[in-house]
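Shown next, in structure tokens, is the structure this report addresses.
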Amino acid sequence: MAKALLEVEKLANYINGEWAEGKEFTSVINPATGEQVVQVPLSGGKAVNEAVQAAKVAQKEWALTPAPQRAEVLYEVGRIMKERKEHLAKLLTLENGKVLEEARGEVQEGIDMAFYMAGEGRRLFGQTTNAELKDKFAMSMRAPIGVVGIITPWNFPIAIATWKSFPAIVAGNAVIWKPATETPIMAFELAKIYEEAGLPKGVINVVYGSGSTVGDAMVHHDDIRVISFTGSNETGSHIAAECGRQLKKVSLELGGKNAVIVMDDADIDLAVEGIIWSAFGTSGQRCTACSRVIVHEDVKEQLEQRLLTEMEKLTIGNGLDEDVKVGPIINDAGMEKIKKYMEIGKQEGAKLLAGGYPLTEGNLAKGNYFAPTLFSDVTGDMRIAQEEIFGPVVSLIPVKSFEEAIEVNNNVTYGLSSSIFTSDVNRVFKAQRDLDTGIVYVNAGTTGAEIHLPFGGTKGTGNGHRDSGVQALDVFTEWKAVYVDYSGKLQRAQIDVD
Ligand code: NAP
């Protein structure tokens, strides 16, 4: 399958518009089958430095290219991605494991982002305003920052890269991109698309390698002025500290412990559908995955039974099979982490209602599969209700009231996504006000963000920046205030005002 879709057996870095072959490699493994898909270079600081030098030169010209012309490249990128959607989706499933339907959705997210950000080429709005002195003009405008570094995780190998690289490029920056070593193929494909779309050489550079070598070299390179990172809290806080020491701008999108609240007046069938989709889609390996269900005690039993019935229907296996609904876990470390939380949950006194074990029957033995799992009688302070497990595991937490549901939702260190199922309009408005997360859904699960809205979270989910939406431009631009005095004399602000 891999051979039919990929024309190479080894990937190459893309630096200054050239495909640079590596010396050392590691294998990219299909988590559904355990088979090698391709080999990826393990580069080091030297490749990062070469990429930065090329990017510095390219960025000067690129910043002087009118933004509507920069945008034309993104329109073309979007057009090619659309044409290749099925091809990209299959490759994405091969490297990441997510089921084809979701892989197609992820590629679509990238296509949407291309056209949306291309539109920004004719906006990139600043403000004109009034100056406080006579015969003086004042405005604010966005300016590109220079060379920016983007570091992306394996769970959305193409969407997250488009959330970051498209706004960076339309704003006039040059990019160094380090994708996750587990999922490098989307970076290879996107670099090819950028090349075909006519992006000048050096404006995007892809450097493969581990976080501790390539990622670290990017974080510490003096000429990379911004790091935009998505990944775990552990890596994110380390990168933030390193960037802080260098006074380097850093944008972080980190983990989540997202909850669906089901009130006593909810449409239970709808809530079950929403929970199943957002908890077990991508095998729970989404930063916005539902991993807690906060349920009103009056409907707890009903919800439990309905969830168990629907969970039994989930087909688990290789995501390339169109009938499969739940794919594999990314790697052995991911499996070990999930297994560890099974023990923790049981020790804490949670009731295991379904799942709780790896699946090893037949073909499943070749890959990493974990049974969809439901814990009940969980309390909000248990570790399984507080810590990110990143697998198909849901904890049901019973509560007595709407107020308690909100409190339990907010009582975690993360603040990415939350959802409430209710038919009471007053509760809808109170919930959207009181849920302390960057994303709130009403009568829908915790996943399904659209690219023209800001994406990100409060508290431990990040550091206040947002990916996607027009807000993403704030990460990749500086605000510049411009004053033009046409009075012909020196006018002093705040002093010559009378
Ligand atoms: P990760 O282990 O933190 O890795 C993320 C990226 O950082 C990878 O490319 C990794 O490289 C690199 N990296 C590792 N150590 C580094 C270092 N010292 N310096 C620079 N870069 C370094 O996270 P992950 O396991 O791939 O991703 C899962 C996490 O991402 C989850 O916590 C999930 O919630 C979060 N996530 C958040 C969002 C959001 O928008 N909030 C979206 C998706 C995922 P290598 O892996 O190649 O070594």
Side-chain angles (χ1 to χ4, degrees), residues 11 26 28 40-45 48 95-96 98 106 109 149-164 176-184 186-187 206-221 224 227-243 248 250-258 282-291 329-331 333-334 337 387-391 412-417 437-439 446-447 449 451 453-469 471-472 475:
L11 302 180
T26 188
V28 176
V40 58
L42 287 176
S43 326
V48 172
E95 67 174 349
N96 166 283
K98 67 178 64 179
E106 182 178 341
E109 212 170 324
I150 71 178
I151 302 177
T152 52
W154 51 263
N155 68 336
F156 279 85
I158 194 159
I160 292 175
T162 67
W163 294 354
K164 295 179 189 297
I176 316 294
W177 171 20
K178 191 210 97 60
T181 307
E182 266 103 350
T183 55
M186 285 300 103
V206 175
V207 183
Y208 298 111
S210 76
S212 54
T213 53
V214 169
D216 192 67
M218 287 168 66
V219 167
H220 290 101
H221 202 296
I224 294 185
I227 293 288
S228 173
F229 171 83
T230 297
S232 64
N233 280 57
E234 197 187 351
T235 312
S237 56
H238 166 74
I239 289 177
E242 294 304 306
C243 287
K248 186 176 288 197
V250 59
S251 153
L252 304 172
E253 292 299 341
L254 310 175
K257 191 69 191 173
N258 317 291
T282 322
S283 310
Q285 301 169 106
R286 284 168 173 252
C287 50
T288 51
C290 159
S291 63
I329 301 301
I330 188 73
N331 54 25
K337 186 173 174 194
E387 297 171 19
E388 193 180 45
I389 301 173
F390 233 50
V412 288
T413 52
Y414 298 105
L416 185 51
S417 178
T437 52
I439 307 168
T446 54
T447 61
I451 56 87
L453 278 80
F455 184 95
T458 61
K459 301 188 286 185
T461 289
N463 62 344
H465 292 284
R466 291 292 184 268
D467 272 344
S468 86
Q471 291 77 5
V475 175

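Just so you know, ligand 1 is whichever comes first in the structure, and atom 1 is the first atom listed for that ligand. We're numbering straight along the sequence, starting at 1. Just so it is clear, the model here is predicted, and its values are computed rather than measured.
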Residues in side chain to side chain contact (heavy atoms under 4.5 Å, CB included) contact with Leu254, at least two apart in sequence or another chain: Phe229, Asn233, Leu252
statement: Hits for side chain to side chain contact (heavy atoms under 4.5 Å, CB included) against Thr447, two or more places apart or cross-chain, chain-then-number order -> Trp277, Ser278, Arg286, Thr288
- prompt: For ligand 1, what is the set of protein residues having any non-hydrogen atom at a distance below 4.0 Å?
  reply: Ile151, Thr152, Pro153, Trp154, Asn155, Ile160, Lys178, Pro179, Ala180, Thr181, Gly209, Ser210, Gly211, Gly215, Asp216, Phe229, Thr230, Gly231, Ser232, Thr235, His238, Ile239, Glu253, Leu254, Gly255, Cys287, Glu388, Phe390, Leu416, Phe455
message: I'd like to know if the side chain of Lys257 and the backbone of Glu387 have a donor-acceptor N/O pair within less than 3.5 Å.
response: yes
message: Applying ring-ring contact (aromatic ring centres under 6.0 Å, His included), can you list everything that pairs with Tyr414, at least two apart in sequence or on another chain?
response: none
- prompt: Would you say the side chain of Glu253 lies within less than 4.5 Å of the side chain of Cys287, judging by non-hydrogen atoms?
  reply: no
message: Checking Ser251 against Lys164: is there a side-chain donor and acceptor pair closer than 3.5 Å?
response: no
